[in-house]
Undergrad: 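Pasting a structure below so you can have a look.
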Amino acid sequence: MATVDASGPAPAGEKLSADEVESDIEDFEDLIRDNELESASDWTADDETRPVCLYCEITFDNADAVWEHCVVDHEFDFNKLRRGLGLDFFGKLKLINYVRAQVQAGIQPELNRPELFLEDSQYLKPTMQDDALLFGIQDDDSEEDEEDPDVIYEKEQLAEVARENAERVKVLQSQLKELQLQFDEYKDIARTVLNRDFDSDSGSDGNLSSRSSSPERRARSAVNGKGKKNANNDDHYFESYAYNDIHEIMLKDSIRTDSYRDFIYDNKDIFKDKIVLDVGCGTGILSMFAAKAGARKVYAVDNSDIIEKAIANVHENGLDRIIQCYRGKIEEIRLPVAKVDIIVSEWMGYALLYEAMLDSVLVARDKYLAPGGLMVPSEVRLLVAGLRDTEFINDKVNFWNDIYGFKMSAMKPRIYDDVLIENFKPSSIVHAEPYTFRILPLHDVTISDLEFTSPIRVPMPNQPNSFDGIVDGLVLYFDNYFTRSHDEVIPEDARAETFRPGNGSLGFTTGPWGPKYTHWRSGALLFNKPLQVPAGVEELTGAITYQKRKANPRELIIGLELTAGDKKVAQSYFMR
């Protein structure tokens with residue numbers, strides 16, 4: 001088989017000479033004669049020359065199947081358009097090459113301006129090498145072109161009915177998927193009813209509970225692979241995000257969701273006409289924020305079954321022309337564009353790096369973010385402070401000293417091995433100034449930077465009367481910063497709970513000083529024994545280590561070494 005010249009279209013704005021155009025036309029006519037091309041209705045491709053959709057990577061057996069797919073899934077009616085424009089053979093050729101070129105460049109084809117491709121000779125050259133669709137182009141004198149107008153109208157009506165039915169099928173499939181997930185949740189509740197957490201879901205002040213709720217326990221169980229034998233950790237992780245309740249908790253976290261919304265809506269000039277990638281899109285809320293802020297195109301990616309609901313949400317809100325959803329891992333899928341202008345993601349886990357989702361976000365950044373592009377959020381900081389909370393110790397530790405008259409000391413050791421996820425008030429912290437021990441600038445940080453050992457200094461109160469000298473452990477939390485550009489510098493002494501520089505940038509904290517608690521809460525590292533700080537010691541010094549577990553990289557091991565005068569603490573904690 002002869003091959004089509006694959007050098008691609010000329011650069012935008014560069015016109016071919018008359019001799020070059022005539023030569024290209026003659027070459028293409030020779031190619032047609034040499035290969036004795038059949039009409040589109042009769043031609044069927046072999047495995048190596050299956051025609052590919054103009055808008056996505058799906059292949060089909062013949063050109064007619066491609067055009068039917070484009071009508072239903074992409075609202076592009078090739079036959080209607082070429083009849084309306086009265087396109088001849090070369091007009092159809094230019095149309096196909098023009099649409100392919102625009103889609104590959106991440107640009108929506110302007111089909112209402114046919115002069116863009118009909119008057120530009122560059123689209124006589126194939127955009128895609130060995131484009132099988134070009135072999136299926138019909139001549140102007142084909143019977144289809146001479147069909148009776150009434151027949152054409154009837155076919156168009158049938159196509160419209162097919163489109164409506166396809167949309168209805170999508171909705172029904174989404175509803176069926178939701179019912180299946182609800183039934184799975186019901187079975188999960190039935191199996192675990194005897195182990196319910198009877199703690200209140202929220203405090204009287206409206207803040208999120210300081211106790212782990214059912215969906216959060218399920219998510220953490222999924223990460224560590226509990227529940228099924230020999231199951232893949234990643235499968236469990238993504239499965240945990242298929243349920244409604246965990247997304248409900250995250251969406252109801254107003255500190256989290258309001259911060260993303262406010263940054264996007266308050267900076268519409270940044271998002272207008274931009275291409276945005278949402279990594280781990282969940283319900284699609286961040287993608288819809290970006291679309292409403294004026295983004296030209298949003299690619300929403302998630303490897304959980306929640307993507308089916310995201311698709312339904314996008315369609316329900318009339319944003320399906322802007323937002324395109326993809327099911328899969330960002331490391332494995334291929335977007336239809338080479339670069340994006342903005343990456344937005346809510347990737348943070350407990351103690352910030354639990355679940356290791358940031359790794360995937362950084363892969364997306366290195367693969368797709370254009371030079372000078374923006375990461376949302378732009379910077380995250382890990383902080384530590386001293387903990388002194390008698391009520392918390394009595395509730396979590398001393399509780400086991402007397403259970404209806406019985407001692408259960410065997411239950412205590414695990415408490416000191418795990419990172420305890422709880423909410424703490426400022427009164428639980430021994431000093432009002434936390435210490436920032438790790439800064440992650442998301443435009444530059446690498447995956448290898450996510451395992452580290454950082455020095456820490458934990459200040460002690462300088463007013464002995466307000467402090468009994470005992471430290472129960474440390475509290476870890478993180479601050480999030482959203483900036484308008486990748487080179488905006490955040491002051492070293494910034495506090496996220498008050499960071500509002502007035503230019504549209506903002507921050508929020510997950511620590512004790514925030515206006516409300518967040519669903520992330522804080523991580524408590526309890527000492528095996530309360531530490532009596534020697535008199536005159538102004539700060540505890542040492543180091544914190546973050547390390548992924550080899551058995552499951554989504555879990556964390558946090559190491560702690562601390563010195564207070566002549567006293568030392570050395571412990572390891574698990575986030576599992």
Undergrad: How far does CZ of Arg495 sit from OG1 of Thr509, to the nearest 0.5 angstrom?
TA: 7.5 Å
Undergrad: Indicate yes or no: at least one non-hydrogen side-chain atom of Tyr260 is less than 4.5 angstrom from one of Val344.
TA: yes
Undergrad: Verify the ring-centre separation between Trp520 and Tyr477: is it less than 6.0 angstrom?
TA: no
Undergrad: Decide if atom CD of Glu538 counts as having more than 12 heavy atoms of other residues, nucleotides or ligands within a radius under 6.0 Å.
TA: no
Undergrad: With sequence neighbours excluded, give me every side chain to side chain donor-acceptor pair (under 3.5 Å) pair touching residues 333-345.
TA: Glu57-Arg334
Undergrad: Output yes when Arg576 and Asp418 qualify as a salt bridge under the 4.0 Å nitrogen-oxygen rule, no when they do not.
TA: yes
Undergrad: For the residue pair Val475 and Ser522, what are the closest heavy atoms and their distance?
TA: CG1-CB, 3.6 Å
Undergrad: Please confirm whether the backbone N or O of Phe508 pairs with a side-chain atom of Asn480, one donor and one acceptor, at under 3.5 Å?
TA: no
Undergrad: Under 3.5 Å, which donor-acceptor pairs link side chains of residues 368-383 to any protein atom two or more places apart or in another chain?
TA:
| residue | atom | partner | partner atom | Å |
| --- | --- | --- | --- | --- |
| Tyr368 | OH | Leu335 | N | 3.0 |
| Ser378 | OG | Met375 | O | 2.8 |
| Ser378 | OG | Thr483 | N | 3.4 |
| Ser378 | OG | Thr483 | OG1 | 2.9 |
| Glu379 | OE2 | Arg381 | NE | 2.7 |
| Glu379 | OE2 | Arg381 | NH2 | 2.9 |
| Arg381 | NH1 | Pro491 | O | 3.1 |
| Arg381 | NH1 | Glu492 | O | 3.3 |
| Arg381 | NH2 | Ile490 | O | 3.2 |
| Arg381 | NH2 | Pro491 | O | 3.2 |

Undergrad: Do Tyr326 and Asp302 have side chains that get closer than 4.5 Å, going by heavy atoms?
TA: no
Undergrad: Supply the atom-to-atom distance Asn528 CG to Ile415 CD1, rounded to the nearest 0.5 angstrom.
TA: 11.0 Å
Undergrad: Using 0.5 Å steps for rounding, measure from the CE atom of Met348 to the CD atom of Glu355.
TA: 11.5 Å
Undergrad: Between the side chain of Asn552 and the main-chain N/O of Arg554, is any donor-acceptor distance below 3.5 Å?
TA: yes
Undergrad: Please test Leu352 against Leu440 for side-chain contact (heavy atoms from CB on, under 4.5 Å), starting from the C-alpha separation and ending with a verdict.
TA: CA-CA 11 Å; Leu352 184 61; Leu440 301 179; 3.9 Å; yes
Undergrad: Can Asp269 and Arg484 be counted as an ion pair, charged N to O under 4.0 angstrom?
TA: yes
Undergrad: Centre-to-centre under 6.0 Å for Phe424 and Phe392, is that the case here?
TA: yes
Undergrad: Check this for me: Lys292, atom NZ, are more than 12 non-hydrogen atoms of other residues, nucleotides or ligands nearer than 6.0 Å?
TA: no
Undergrad: Does NZ belonging to Lys567 count more than 12 external heavy atoms closer than 6.0 Å?
TA: yes
Undergrad: Calculate, to the nearest 0.5 Å, the distance between atoms CG and CH2 belonging to Leu358 and Trp347 respectively.
TA: 4.5 Å
Undergrad: Please report the shortest heavy-atom distance between Val279 and Met357, naming the atom on each side.
TA: O-CE, 3.3 Å
Undergrad: Check the orientation of Phe263 and Phe271. Use parallel for under 30°, tilted for 30 to 60°, and perpendicular for over 60°.
TA: perpendicular
Undergrad: Should the heavy atoms of other residues, nucleotides or ligands under 6.0 Å from CZ of Arg321 be counted, would the total exceed 12?
TA: no
Undergrad: Any sub-3.5 Å donor-acceptor pair from Gln532's side-chain atoms to Gly469's backbone N or O?
TA: yes
Undergrad: Tell me whether the rings of Phe437 and Tyr546 are parallel (<30°), tilted (30 to 60°) or perpendicular (>60°).
TA: tilted
Undergrad: Any chance you could lay out the side-chain contact (heavy atoms from CB on, under 4.5 Å) test for Leu506 and Ser259, step after step, and finish with the verdict?
TA: CA-CA 8 Å; Leu506 59 86; Ser259 295; 4.0 Å; yes
Undergrad: Decide side-chain contact (heavy atoms from CB on, under 4.5 Å) for Val471 and Phe527; before the verdict, give the C-alpha distance in whole Å, the side-chain angles of both, and the deciding distance to 0.1 Å.
TA: CA-CA 8 Å; Val471 179; Phe527 301 151; 3.8 Å; yes
Undergrad: Please answer whether the main-chain N or O of Asn303 pairs with a side-chain N or O of Arg327 as donor and acceptor at a distance below 3.5 Å.
TA: yes
Undergrad: Is any side-chain heavy atom of His519 less than 4.5 Å from a side-chain heavy atom of Arg256?
TA: yes
Undergrad: Measure the shortest side-chain to side-chain distance between Ile246 and Ile249 over non-hydrogen atoms and say whether it is less than 4.5 angstrom.
TA: no
Undergrad: Can a salt bridge be assigned to the pair Glu561 and Lys568 using a cut-off of 4.0 Å between side-chain N and carboxylate O?
TA: no
Undergrad: Check this for me: does any side-chain nitrogen of one of Asp262 and Arg500 sit under 4.0 Å from a carboxylate oxygen of the other?
TA: no
Undergrad: Is a salt bridge present between Asp266 and Arg261, judged by a nitrogen-to-oxygen distance below 4.0 Å?
TA: no
Undergrad: Just do the side-chain contact (heavy atoms from CB on, under 4.5 Å) check on Leu525 and Gln571 with the steps written out, would you?
TA: CA-CA 9 Å; Leu525 310 180; Gln571 288 182 229; over 6 Å; no
Undergrad: Do the side chains of Ile323 and Met288 get nearer than 4.5 Å, heavy atoms only?
TA: yes
Undergrad: With rounding to the nearest 0.5 Å, note down the distance linking CG in Leu531 to CD1 in Ile470.
TA: 9.5 Å
Undergrad: Quick one: pull up CZ in Phe482 and CG in Asn267 and give me the separation to the nearest 0.5 Å.
TA: 11.0 Å
Undergrad: Could Asp273 and Arg296 be called an ion pair, given the rule that one side-chain N must be under 4.0 Å from one carboxylate O?
TA: no
Undergrad: Check for a donor-acceptor pair, side chain of Arg365 on one end and backbone N or O of Leu442 on the other, with a separation under 3.5 Å.
TA: yes
Undergrad: Show the nearest heavy-atom pair for residues Val276 and Ala290, with the distance to one decimal.
TA: CG1-CB, 4.3 Å
